[in-house]
Visitor: 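Before anything else, here's the structure in question.
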Amino acid sequence: MARVTAKPGDIDSAVGKAAIDRAAGVLRGGGLVAFPTETVYGLGANAADGAAVARVFQAKGRPPSHPLIVHLADAEQLGDWADDVPAAARLLAERFWPGPLTLVLRRGRRVPLETTGGLETVAVRVPAHPVALALLSAFGGGIAAPSANRFGSVSPTTAGHVRAELGAAVDVVLDGGPCQVGVESTIVDATGEALSILRPGGVTREDLQAALGRPLAVPSTSPVRVPGQHPSHYAPRARVVLVEPEQVIAEAERAQNSGHQVGALLSPAFADAEVKAHAVVAVPASMPAYARELYAFLRELDQRGCDLIVASLPPEAGLGLAIANRLRRAAGPRPAA
Ligand code: TXA
Ligand code: MG
């Protein structure tokens, strides 16, 4: 199969339509299509085809017991994929789809166990990206897609990241430009009595609570099945150390002076800190910019040969909750090499 990177550009143009139709054909044939979403790029396969889904796990080097998210064109299709959608889940779907929210529901019978990693639950979301939505409607079914990176590494936010990391393992990469949200979707478990957040992400806890009219727990000990919960995940090659916000520059300088190649990440609130270090320093302008740029910056530091990244945790409110979660995972203990 030809391995192409297609820029659908204007998806209403003939060129755009042809690229989308070809990608939908690849999905029907059991192939893999990487596509942009508003959060990160996904590595997609036909969610109803167990063999195609198995190729996703292979391409990512992901253990087959880790479930994938099924992407749908609209909430109307929910009944085809999930059994028993509680009223609270419907309310969230109505309020936040298309958008960076994933709902975990009871698995509908047509969802193969390959897609759910053997679980009786299924994760579903409707992404808010015109290319993703065009692909979903041309394809007609559900697309199972994890983030399009090797297992454990940083999620891709451009088509170039996908090509660099997965290369020939992907049949088509649809290039929709850089992702606007930059961290993955918020995952809400809607299978129990009380809803809870399994992974903080692009929809904030505050917005979810406002929509539901009640508080929403973020359990700190989540099921082992959620790979984003492994100690080291979302991790660049460089070691990540977390320090207090006012210590970032001093620590970066100290490490740089003792021979490390250092990158530093300053929280927006500390943007005024005087940067004397020769380290590479990123100062995002706002929390949405921090979320949008985080993964690309981590990748860039690896590319520049940094062996150490110094960062601090932002306040864990709004998007800060997801950013702090990813930084903690990136700094988590690594498996012995
Ligand atoms: O924003 C996103 O969610 C991106 C884009 C591509 O949609 N996708 C993404 O997929 O981040 P992935 O596979 O990298 O992370 C999906 C997470 C995993 O932590 C997985 O364990 C969890 O969703 N998940 C999937 N199905 C689940 C289920 N039935 N129960 C609990 N967690 C589930
Ligand atoms: Mg991932």
Side-chain angles (χ1 to χ4, degrees), residues 5 32-37 39-45 53 55-69 100 102 117 123 144-170 173 175 178-179 181-185 187 198-202 222 224-242 261-263 265 280 282 290-311 322-337:
T5 300
L32 303 187
V33 174
F35 62 97
T37 80
T39 58
V40 300
Y41 274 71
L43 176 61
V53 167
R55 289 191 60 206
V56 172
F57 287 95
Q58 207 176 18
K60 271 187 72 93
R62 171 157 161 160
S65 58
H66 293 287
L68 306 183
I69 295 173
T102 294
S147 51
N149 52 280
R150 299 279 304 168
F151 183 61
S153 85
V154 177
S155 297
T157 52
T158 68
H161 295 161
V162 179
R163 271 292 172 218
E165 193 158 334
L166 295 179
V170 191
V173 180
D175 185 348
C179 300
V181 175
V183 291
E184 298 82 350
S185 60
I187 303 180
L198 296 180
R199 177 180 74 182
S222 294
V224 179
R225 288 294 183 99
V226 183
Q229 303 297 340
H230 281 215
S232 168
H233 211 83
Y234 310 106
R237 265 199 315 275
R239 195 159 62 85
V240 179
V241 292
L242 299 175
Q261 198 61 39
V262 182
L265 256 169
V280 185
Y290 199 168
R292 188 163 54 241
E293 293 158 16
L294 175 63
Y295 291 152
F297 185 64
L298 295 178
R299 278 174 188 272
E300 187 192 325
L301 293 178
D302 272 348
Q303 237 167 14
R304 290 182 181 223
C306 290
D307 65 318
L308 187 73
I309 296 170
V310 183
I323 295 168
N325 171 277
R326 305 307 189 271
L327 285 173
R328 274 207 195 89
R329 308 278 173 216
R334 311 244 169 133

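The residues of the chain are indexed from 1 along the displayed sequence.
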Visitor: Considering all heavy atoms of both residues, which atom of Cys179 and which atom of Thr39 are nearest to each other, and what is their separation?
Guide: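 Taking Cys179 first and Thr39 second, the nearest heavy atoms are CB-O, 3.2 Å.
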Visitor: Side-chain contact, heavy-atom cut-off 4.5 Å: Ile309 with Pro236?
Guide: yes
Visitor: Is it true that Ser147 and Glu184 share a donor-acceptor pair across their side chains at a distance under 3.5 Å?
Guide: no
Visitor: Is the shortest side-chain heavy-atom distance between Leu68 and Phe57 below 4.5 Å?
Guide: yes
Visitor: Using every non-hydrogen atom in the two residues, find where Ile69 and Ser185 come nearest and quote the distance to one decimal.
Guide: CD1-OG, 4.1 Å
Visitor: Could you check, using the six-membered ring where one of them is a Trp, whether Tyr295 and His161 have ring centers closer than 6.0 angstrom?
Guide: no
Visitor: Under the 3.5 angstrom rule, does the side chain of Arg199 hit a backbone N or O of Ala322 as a donor-acceptor pair?
Guide: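 Not confirmed, Arg199 side chain does not pair with Ala322 backbone.
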Visitor: Taking atom CZ of Arg326 and atom CZ of Arg329, what is their separation to the nearest 0.5 Å?
Guide: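 It comes to 8.5 Å.
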Visitor: Can any side-chain N or O of Arg150 pair as donor or acceptor with the backbone N or O of Ala59 at less than 3.5 Å?
Guide: yes
Visitor: Ignoring hydrogens and angles, tell me if any N or O in the side chain of Asp302 forms a donor-acceptor pair with the backbone of Arg237 under 3.5 Å.
Guide: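 Checking the backbone N and O of Arg237 against the side chain of Asp302, a donor-acceptor pair under 3.5 Å is found.
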Visitor: Taking the side chain as every heavy atom from C-beta outward, state whether Pro156 and Arg299 have any pair of such atoms under 4.5 Å apart.
Guide: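 The answer is yes; the side chains approach within 4.5 Å.
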Visitor: Any donor and acceptor pair, going by atom type alone, linking the side chain of Asp307 with main-chain N or O of Arg239 inside 3.5 Å?
Guide: no
Visitor: Is a donor on one side and an acceptor on the other found under 3.5 Å between the side chain of Lys60 and the backbone of Asn149?
Guide: yes
Visitor: Roughly how far apart are Leu327 CG and Tyr290 OH, rounded to 0.5 Å?
Guide: 4.5 Å
Visitor: If you compare all heavy atoms of Val40 against all heavy atoms of Ser155, which two are closest, and at what distance to 0.1 Å?
Guide: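 Nearest heavy atoms, Val40 then Ser155: CG1-CB, 3.8 Å.
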Visitor: If you compare all heavy atoms of Tyr234 against all heavy atoms of Val154, which two are closest, and at what distance to 0.1 Å?
Guide: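 Here Tyr234 and Val154 meet closest at O-CG2, 3.7 Å.
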Visitor: Do Phe35 and Val162 have side chains that approach each other closer than 4.5 Å (heavy atoms only, starting at C-beta)?
Guide: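 They are not in side-chain contact.
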Visitor: Report yes if the side chains of Leu265 and Leu294 come closer than 4.5 Å at any heavy-atom pair, otherwise no.
Guide: yes
Visitor: How far apart are the closest heavy atoms of Leu32 and Ala45, and which atoms are they?
Guide: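 In terms of heavy atoms, the two residues are closest at CD2-CB, 3.9 Å.
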Visitor: Grab the two heavy atoms, one from Gly263 and one from Cys306, that are nearest each other, plus how far apart they are.
Guide: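 In this case the closest contact between Gly263 and Cys306 is N-SG, 3.9 Å.
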